[in-house]
Chemist: 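Can you read through this structure? Questions will come right after.
These numbers come from the heavy atoms of this one structure, side chains and all, not from hydrogens, waters or symmetry mates.
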Amino acid sequence: MGSLAHQFVGLKCSPISTTRIVQSKKNIVNPIIIIHTKQKIVSRAGAVATTNAETKERIKLKEMFEQAYERCRTAPMEGVAFTVEDFHSALEKYDFDSEMGTKVKGTVFSVDANGALVEITAKSSAYLPVQEASIHSIKHVEEAGIFPGFRDEFVVVGENEADDSVILSLRSIQYDLAWERCRQLQAEDVVVKGKVVSANKGGVVALVEGLRGFIPFSQIFSKSTAEELLEKELPLKFVEVDQEQTRLILSNRKAMADSQTQLGIGSVVLGTVQSLKPYGAFIDIGGVNGLLHVSQISHDRVSDISAILQPGDTLKVMILSHDRERGRVSLSTKKLEPTPGDMIRNPKLVFEKAEEMAQTFRQRIAQAEAMARADILKFQPESGLTLNSDGILGSLTSELPAEGLDLSVIFPAEES
């Protein structure tokens, strides 16, 4: 061991260079620094990539905006499926104005004893009370033809505060249409029918086109009382139609003046017995009341009119005279008897032979008139008249009408 140690003592080693150590230290790179450096590089590269993508997106959006702006400026509806009509339709379907007087379209989907439920939008419903369902007096909406599925235009007349639903009306619309209709009928001078529904001291009230019109007694043709006219239909003409003042004045007399132009003397008409009096019977001949005097019922003496006629009986009568100013028409069944007394013994035969007997009567009258004209010419040749084949006195001088004087309207004296 000693010798071996002695050997090592004799060995020499070269000293370690401090310079090389320092250099080696310089060449050694800290791995932590390398990792941080790489992270910074990667982070910077990602940021640059993100910035580029956002820029491209902004540019793309800007281009799209500019294109949309140009389309809106030059062709706003191009490629748009939703039209203006669709817009208005949607408004009508989903919204409406609930102010008083607004007109809305709706569909009835349910009815009850008091009215009907009406769908007016996709989100709202309204109620139609029975009293607002028609201008006429009804007890149920079905009387006015209103059933589920019925669709029409309604007008808003109120609001139900309990549930904020609206109250609708058809009556208000029909009311305006009725006034317009009456104005048209007045302009056309048309004769209409009106049912008498009530009376007062000045006249009677009749329904015309669903409206209540007033007929003064001075404008009623017949001498019937107000009670006798109730529930009867009268021919009427319009005297005044004023919706603003709610004035509808009617005249039965004016209407009868037109219809009476067709009531020729000697013509046969169908009539209905209205009432009996000790002196005769009043007969309704198409809205005109005529008097069948007891002396004109039969050639035989009539002691009891009720034994021959009763109210409601239908018979044929001949018109003897017609006083348009006083509104009086005189009738006769006596002239229609095939043999004297038939109205008492066989009134059915008088009814069947009425036209035939009236024609015979008119022929007799025409012959009598022709003979009377001939007598006039015989005793007054200086008159300058001549009788043509039609029984009309014609002119021989230029001072008289060329068509002559028609004397055929002269009525013969009453038979005893």
Chemist: Decide yes or no on side-chain contact (heavy atoms from CB on, under 4.5 Å) for Glu355 and Val268, but give the supporting numbers first.
Modeler: CA-CA 7 Å; Glu355 285 78 8; Val268 175; 4.1 Å; yes

Chemist: Begin with the C-alpha distance, continue with both residues' side-chain angles, and end with the deciding distance and a verdict on side-chain contact (heavy atoms from CB on, under 4.5 Å) for Ile146 and Asp152.
Modeler: CA-CA 10 Å; Ile146 298 174; Asp152 207 338; over 6 Å; no

Chemist: Is there a donor-acceptor contact under 3.5 Å linking the side chains of Gln67 and Lys62?
Modeler: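 Per modelled atom types, Gln67 and Lys62 side chains form no pair under 3.5 Å.
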
Chemist: Tell me whether Glu209 contacts the main-chain N or O of Cys182 through its side chain, where contact means a donor paired with an acceptor under 3.5 Å.
Modeler: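 Not a single qualifying donor-acceptor pair exists.
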
Chemist: Can a salt bridge be assigned to the pair Arg247 and Glu240 using a cut-off of 4.0 Å between side-chain N and carboxylate O?
Modeler: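 So Arg247 pairs with Glu240 through a salt bridge.
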
Chemist: Give a yes or no answer on whether the side chain of Arg253 reaches the backbone of Ser218 with a donor-acceptor pair at less than 3.5 Å.
Modeler: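 Checking the backbone N and O of Ser218 against the side chain of Arg253, a donor-acceptor pair under 3.5 Å is found.
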
Chemist: Determine whether Phe147 and Val108 make a side-chain contact, defined as any pair of heavy atoms from C-beta on separated by less than 4.5 Å.
Modeler: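 SC-SC contact between Phe147 and Val108 ruled out.
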
Chemist: For Val208 versus Gly194, what's the shortest heavy-atom pair and its separation?
Modeler: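 For Val208 and Gly194, the tightest heavy-atom pair comes out as CG2-CA, 4.0 Å.
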
Chemist: Using every non-hydrogen atom in the two residues, find where Leu230 and Ala199 come nearest and quote the distance to one decimal.
Modeler: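 That would be CD2-N, 4.4 Å.
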
Chemist: Checking Leu234 against Val196 for the side-chain contact (heavy atoms from CB on, under 4.5 Å) test, could you report, in this order, the C-alpha distance in whole Å, the side-chain angles of both residues, the deciding distance, and whether it holds?
Modeler: CA-CA 8 Å; Leu234 300 177; Val196 178; 3.8 Å; yes

Chemist: Without swapping roles, check the side chain of Glu66 against the backbone of Glu63 for a donor-acceptor pair under 3.5 Å.
Modeler: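 Not at all, since once roles are kept as given, no pair shorter than 3.5 Å links the two residues.
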
Chemist: For atom CZ of Arg183, is the number of surrounding heavy atoms from other residues, nucleotides or ligands below 6.0 Å larger than 12?
Modeler: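 For Arg183, atom CZ is crowded (more than 12 foreign heavy atoms under 6.0 Å).
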
Chemist: Between Gly115 and Val141, which heavy-atom pair has the shortest distance, and what is it?
Modeler: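 Heavy atoms of Gly115 and Val141 come nearest at CA-CG1, 3.8 Å.
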
Chemist: Does the side chain of Asp189 reach to within under 4.5 Å of the side chain of Phe238, using non-hydrogen atoms?
Modeler: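 Sidechains of Phe238 and Asp189: no contact.
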
Chemist: Rounded to the nearest 0.5 Å, how far does CG of Leu315 lie from CG of Leu292?
Modeler: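 Spacing of CG (Leu292) from CG (Leu315) equals 7.0 Å.
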
Chemist: Is there a side-chain contact (heavy atoms from CB on, under 4.5 Å) between Thr272 and Ile283? Walk through the geometry before answering.
Modeler: CA-CA 5 Å; Thr272 303; Ile283 313 295; 5.7 Å; no

Chemist: Between NE2 of His293 and CG of Leu331, what distance do you get to the nearest 0.5 Å?
Modeler: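 Result: 12.0 Å between the selected atoms.
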
Chemist: Is Glu337 reaching over with its side chain to a backbone N or O of Asp342, donor-acceptor style, under 3.5 angstrom?
Modeler: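 A pair under 3.5 Å: yes.
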
Chemist: Quick one: does any side-chain atom of Gln174 pair with a main-chain N or O of Ile135 as donor and acceptor, under 3.5 Å?
Modeler: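 Confirmed, Gln174 side chain pairs with Ile135 backbone.
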
Chemist: Between Gln274 and Pro311 (side chain of the first, backbone of the second, donor and acceptor by atom type, cut-off under 3.5 Å), is there such a pair?
Modeler: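 No; judged by distance alone, with no hydrogens or angles, the pair does not exist.
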
Chemist: Keeping Glu180 on the side-chain end and Asp176 on the backbone end, is there a donor-acceptor pair under 3.5 Å?
Modeler: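 Answer holds: no.
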
Chemist: I need the Phe154 CZ to Ile173 CD1 distance, nearest 0.5 Å.
Modeler: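 Separation between the atoms: 8.0 Å.
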
Chemist: Taking the side chain as C-beta and beyond, is there a heavy-atom pair between Val329 and Ile285 under 4.5 Å?
Modeler: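 Result yes, sub-4.5 Å side-chain heavy-atom pair found.
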
Chemist: For Val111 versus Ala116, what's the shortest heavy-atom pair and its separation?
Modeler: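 That would be CG1-CB, 3.8 Å.
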
Chemist: Quick one: closest heavy-atom pair of Lys237 and Val191, and the distance?
Modeler: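 The answer is CE-CG2, 3.6 Å.
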
Chemist: Please examine the side chains of Pro338 and Lys353, heavy atoms only from C-beta on, and report whether any two atoms are closer than 4.5 Å.
Modeler: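 Lys353 vs Pro338: side chains touch.
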
Chemist: Quick check against the 3.5 Å criterion: does Thr246 have a side-chain atom that pairs as donor or acceptor with the backbone of Asp242?
Modeler: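 Not at all, since once roles are kept as given, no pair shorter than 3.5 Å links the two residues.
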
Chemist: Atom OG of Ser330 and atom CG of Leu291: how far apart are they, to the nearest 0.5 Å?
Modeler: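 Output value for this atom pair is 6.5 Å.
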
Chemist: Within the distance-only criterion (no hydrogens, no angle test), does the side chain of Gln186 pair as donor or acceptor with the backbone N or O of Val239 below 3.5 angstrom?
Modeler: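 Confirmed, Gln186 side chain pairs with Val239 backbone.
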
Chemist: Do the non-hydrogen side-chain atoms of Met357 and Met318 ever get within less than 4.5 Å of each other?
Modeler: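 Of all side-chain heavy-atom pairs linking Met318 with Met357, none is under 4.5 Å.
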
Chemist: Nearest 0.5 Å, what's the CG-CD1 distance between Leu309 and Ile297?
Modeler: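 Between Leu309 CG and Ile297 CD1, I get 5.5 Å after rounding to 0.5 Å.
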
Chemist: Using a 3.5 Å distance criterion without hydrogens, assess whether the side chain of Gln310 forms a donor-acceptor pair with backbone atoms of Ser306.
Modeler: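 Side chain of Gln310 to backbone of Ser306: a pair is present.
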
Chemist: Please round to the nearest 0.5 Å and tell me the distance separating atom OG of Ser198 and atom CG of Leu229.
Modeler: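 It is 11.5 Å, given to the nearest 0.5 Å.
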
Chemist: Do Lys335 and Leu320 have side-chain heavy atoms sitting under 4.5 Å apart?
Modeler: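 A side-chain contact under 4.5 Å exists here.
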
Chemist: With heavy-atom distances below 4.5 Å as the criterion, would you say the side chains of Val205 and Ile215 are in contact?
Modeler: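 A side-chain contact under 4.5 Å is absent here.
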
Chemist: Does one side chain, of Gln359 or Arg362, offer a donor that lies under 3.5 Å from an acceptor on the other?
Modeler: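 Their side chains do contain a donor-acceptor pair, which is all the 3.5 Å distance test asks for.
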
Chemist: For Phe150 and Gly145, work out which heavy atoms get closest and say how close.
Modeler: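 Nearest pair, atom of Phe150 first, then Gly145: CD1-O, 3.7 Å.
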
Chemist: Ser172 versus Val157: any side-chain heavy-atom pair under 4.5 Å?
Modeler: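 They are in contact (side-chain heavy atoms under 4.5 Å apart), so the answer is yes.
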
Chemist: Any donor-acceptor pair under 3.5 Å linking the side-chain atoms of His136 with those of Ser134?
Modeler: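 Side-chain D/A pair, Ser134 to His136: absent.
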
Chemist: I would like to know whether Glu228 and Ser275 meet side-chain hydrogen bond (donor to acceptor under 3.5 Å, both in side chains); could you show each step before the answer?
Modeler: CA-CA 10 Å; Glu228 292 173 337; Ser275 61; 4.9 Å; no

